[in-house]
Amino acid sequence: MTSNDSNKENPKTDPIDPDHYSPFYLHPSDYPRQMHVNDALTDNNYLDWVQEMENFLFAKNKRGFIDGTIKKPETNDANYMAWMRCDAMIKGWLTTAMEKEIRGSVKYANTASEI
């Protein structure tokens, strides 16, 4: 049996290989301080800002974190840490896209949906 034959019988699997369609997937280039809208949220541009931010979150498969359809799992759930990582990332995306005064009013929110 050659090494190629053994790989066919026991194919190498990558336990870290992410499911790109999962709402818990984060791309390696994602980071919390990314600006994903044209303009930061101000007192005068809420409707435009929301439209852009929701479109961005939909494209990233993360809208459920802010509309409540992806609920926070219990701490003993297998998805708990993945949910926490994604929620922290989304909080970063949201607050980065806000003026300082508005950001200060939401900085103590526990979840992205609270923001």
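Since we're looking at a predicted model, the values are computed, not measured.
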If the condition is side-chain hydrogen bond (donor to acceptor under 3.5 Å, both in side chains), which residues does [X] pass it with, not counting sequence neighbours?
{"X": "T95", "value": "none"}
{"X": "N38", "value": "E52"}
{"X": "T75", "value": "none"}
{"X": "T69", "value": "D67"}

Residues which pass side-chain contact (heavy atoms from CB on, under 4.5 Å) with D77, listed by chain and number, not counting sequence neighbours: P73, N79
Residues in side-chain contact (heavy atoms from CB on, under 4.5 Å) contact with N61, at least two apart in sequence or another chain: P23
Heavy-atom donor-acceptor pair, S105 side chain to I102 backbone, under 3.5 Å: yes
Under 3.5 Å donor-acceptor, R63 side chain and L57 backbone: no
Neighbour count above 12 (heavy atom, 6.0 Å) for Q34 CD: yes
Distance, nearest 0.5 Å, that separates NZ of K62 from OH of Y25: 8.5 Å
Closest heavy-atom pair and its distance - T96, R103: O-NH1, 4.3 Å
Any pair counted as salt bridge (charged side-chain N to carboxylate O under 4.0 Å, His left out), so long as it reaches residues 26-50, sequence neighbours left out: D30-K60
Where at least one partner belongs to residues 69-91, residue pairs that pass ring pair (Phe, Tyr, Trp, His ring centres under 6.0 Å), sequence neighbours excluded: F65-W83
Pairs involving residues 87-115, ordered by first then second residue, that meet ring pair (Phe, Tyr, Trp, His ring centres under 6.0 Å) (sequence neighbours left out): H36-W93, F56-W93
Name each donor-acceptor pair under 3.5 Å that joins a side chain in residues 84-91 to protein atoms two or more places apart or in another chain, with its distance.
| residue | atom | partner | partner atom | Å |
| --- | --- | --- | --- | --- |
| D87 | OD1 | A112 | N | 3.0 |
| D87 | OD2 | A112 | N | 3.3 |
| K91 | NZ | N110 | O | 3.2 |

Between [X] and [Y], is there a shared hydrophobic cluster once you connect ILVMFWY residues whose side-chain heavy atoms come closer than 4.5 Å?
{"X": "I70", "Y": "Y21", "value": "no"}
{"X": "Y31", "Y": "L26", "value": "no"}
{"X": "V50", "Y": "F58", "value": "no"}
{"X": "Y46", "Y": "L94", "value": "yes"}

Check against side chain to side chain contact (heavy atoms under 4.5 Å, CB included), E99 and L41: CA-CA 6 Å; E99 283 191 337; L41 177 63; over 6 Å; no
Counterpart residues, salt bridge (charged side-chain N to carboxylate O under 4.0 Å, His left out), relative to E114 (two or more places apart): none
